[in-house]
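To start, the structure itself, in structure tokens.
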Amino acid sequence: MKLRSRIILNMMQILLIVIFVLSLLFNTMFTESFNRYLQTVQQQRFDTLKDEISYLLTHRGFEAIPDELARYAGNESIEIEILNEGEQSLIKINELQAREGVEIARKSYNIIEDGRQIGTMILSYYSDSYYDVIAIDFRKKFTYSLYTAAIIALIAGLISSLFLTKSLQQSITDLSDTALAFRMKDYDRVPKPSTDIVEIEALNNSMIYLGNSLKDQEDIRKKYAQDISHELRTPLTNLQLHLEAIQDGILELDDQAINTLLEETCHLNKIVDQLKFSFHQDSETPSVHWEEFDLSEELIKMNRIISPSLKSKGIRLKSEIQQGIRIVSEREKLMQIMYNLLSNASRAINKDGLILVKLVEKTDQVQISVTDNGIGIAEEHQQKIFERFYRADSARTNRKEGSGLGLSIVKNLVQLLQGQIDLVSKTGQGSTFTIILPIKPKDNN
């Protein structure tokens, strides 16, 4: 059964029960009160009749009132009997019409004169005689009005329930259609319920929030897929170029080549772990495996690995690395930073471009800079370039490749290694990313 039909049916049942109970109670209470009222009116008439007859008897005598009694008895359709002091009947006038199955009621009234009882008046009447024509007609009209009001209330309730359920049904249908649209990945659908019911409005707001959340998650998923491709492209390309060089006989498969391929494979595995971390970076804080190593040697090795990939794009890689610099940091995270910066720089320059990697030691810090002679970064983008999933393609890259995650990872990793990263860029002239790291981190055990 549809919701609208169920609500209308339930409302009609409730209305019928309420109308029936109220009609029964009201009719019963009214009938009882009305009967008491009619009996009181009749009693007042009988009291008035007794007073008038007592007056006639005391002032004109028994012989003078038969006509008056006959008139009274006829008007009231009753029987009047007058008894003297000895309980002997003096006058009896019967105007009771023959009726079957109706009980005759009798009332006695003492006739008093100067404080002394001089006789008794007995009135006999049918017990339902107070239901005269006017009273019966009034009761019929009242009952008719009561039933008419009940029918009108029932019709009004039906109309009200139709309007209410129509609005409620439209709102629920709209919310249902919105949920179906979300299922079809149409997250721009906004439900517009045609009701001011608080609960429906709350559900509508929840649906809007859900749609926005699903849309954001879908955007993040698409961007993340693009950025995974970006992060994995460089090491995979390096592996491919080295393997092709070995296959073509350009490189020999010696121990150095095998170590290079193995290191690049390990590095690729580290990138996968880092991407996993970047996706959950709001809820997880990775640990740093501090170790002492020769930073100069690691950068030279990295340049040797990535040079074939850059060369295939027509990009020269130049190094100015101060020898013998050793630091305490994490090798894998630092290499991940450098791979991202070099990959980012390679997309910012055209063929015959140049990337310069410099390493210098200053007091208790080291500075690593990556400079390119590419198109640079516009000033309005420089403050946002490190935000997660922020992309400034028109200002930074000549290719439509995902880059929204690389610099975000770089900044997070640099901060994790207790360092900082600075950017100097000018549109049309190139960019320089400078990483400043402590030679030995604080509180390192």
Check: [Y] and [X] side chains under 4.5 Å, non-hydrogen atoms:
X      : Y      : answer
Leu417 : Glu330 : yes
Gln336 : Leu413 : yes
Leu295 : Leu437 : no
Ser296 : Leu359 : yes
Ile439 : Val328 : no
Asn303 : Ile321 : yes
Asp294 : Ile325 : no
Lys333 : Leu416 : yes

With [X], which residues qualify under side-chain hydrogen bond (donor to acceptor under 3.5 Å, both in side chains), at least two apart?
X      : result
Thr432 : Thr371
Asp422 : Gln420
Gln240 : Glu244
Lys107 : Gln43

Verify side-chain contact (heavy atoms from CB on, under 4.5 Å) between Val357 and Leu342, making sure each step is shown before the conclusion. CA-CA 9 Å; Val357 178; Leu342 289 171; 3.7 Å; yes

Suppose we screen for salt bridge (Lys or Arg N to Asp or Glu O under 4.0 Å). Which residues come up paired with [X], at least two apart in sequence or across chains?
X      : result
Glu361 : none
Glu379 : none
Lys215 : Asp188
Arg316 : none

Passing option when Tyr339 is tested against Ile305, Val410, Asn344, Leu334 for side chain to side chain contact (heavy atoms under 4.5 Å, CB included):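 Of all the options given, the one that passes is Ile305.
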
Run through Ile385, Ile421, Asn340, Leu423 and flag the one making a side chain to side chain contact (heavy atoms under 4.5 Å, CB included) with Leu407.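 Answer to the side chain to side chain contact (heavy atoms under 4.5 Å, CB included) test with Leu407 among Ile385, Ile421, Asn340, Leu423: Ile385.
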
Could you please spell out the steps behind the side-chain contact (heavy atoms from CB on, under 4.5 Å) verdict for Ile300 and Gln323? CA-CA 10 Å; Ile300 293 173; Gln323 297 295 319; 3.5 Å; yes

Inter-residue atom distance [X].[atom1] - [Y].[atom2], 0.5 Å rounding:
X      : Y      : atom1 : atom2 : result
Met335 : Met302 : CE    : CE    : 6.0 Å
Ser431 : Ile377 : OG    : CD1   : 4.0 Å
Ser329 : Glu291 : OG    : CD    : 8.5 Å
Arg347 : Ile315 : CZ    : CD1   : 10.5 Å
Leu317 : Ile355 : CG    : CD1   : 6.5 Å
Ile306 : Met338 : CD1   : CE    : 9.0 Å

Between Thr434 and Ser369, is there a side-chain donor-acceptor contact under 3.5 Å, judged purely by atom types and distance?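 No donor-acceptor contact under 3.5 Å links the two side chains.
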
Report the C-alpha separation of Lys318 and Leu354 in whole Å, then their side-chain angles, then the decisive distance to 0.1 Å, and conclude whether the side-chain contact (heavy atoms from CB on, under 4.5 Å) test is met. CA-CA 7 Å; Lys318 183 178 179 182; Leu354 174 65; 3.9 Å; yes

Apply the test side-chain contact (heavy atoms from CB on, under 4.5 Å) to residues Leu261 and Leu239: give CA-CA distance (whole Å), side-chain angles for both, the deciding distance (0.1 Å), then the verdict. CA-CA 6 Å; Leu261 294 175; Leu239 285 172; 3.9 Å; yes

Quick check against the 3.5 Å criterion: does Ser425 have a side-chain atom that pairs as donor or acceptor with the backbone of Ala378?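 Not at all, since once roles are kept as given, no pair shorter than 3.5 Å links the two residues.
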
Residue list, side chain to side chain contact (heavy atoms under 4.5 Å, CB included) with [X], at least two apart or on another chain:
X      : answer
Asn212 : Ile208
Val360 : Gln322, Lys362, Gln367
Ile155 : Ile151, Ile159
Ala245 : Ile250, Leu251

How close do Ala345 and Val370 get, counting heavy atoms only, and between which atoms?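 Ala345 and Val370 have their closest heavy atoms at CB-CG1, 4.3 Å.
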
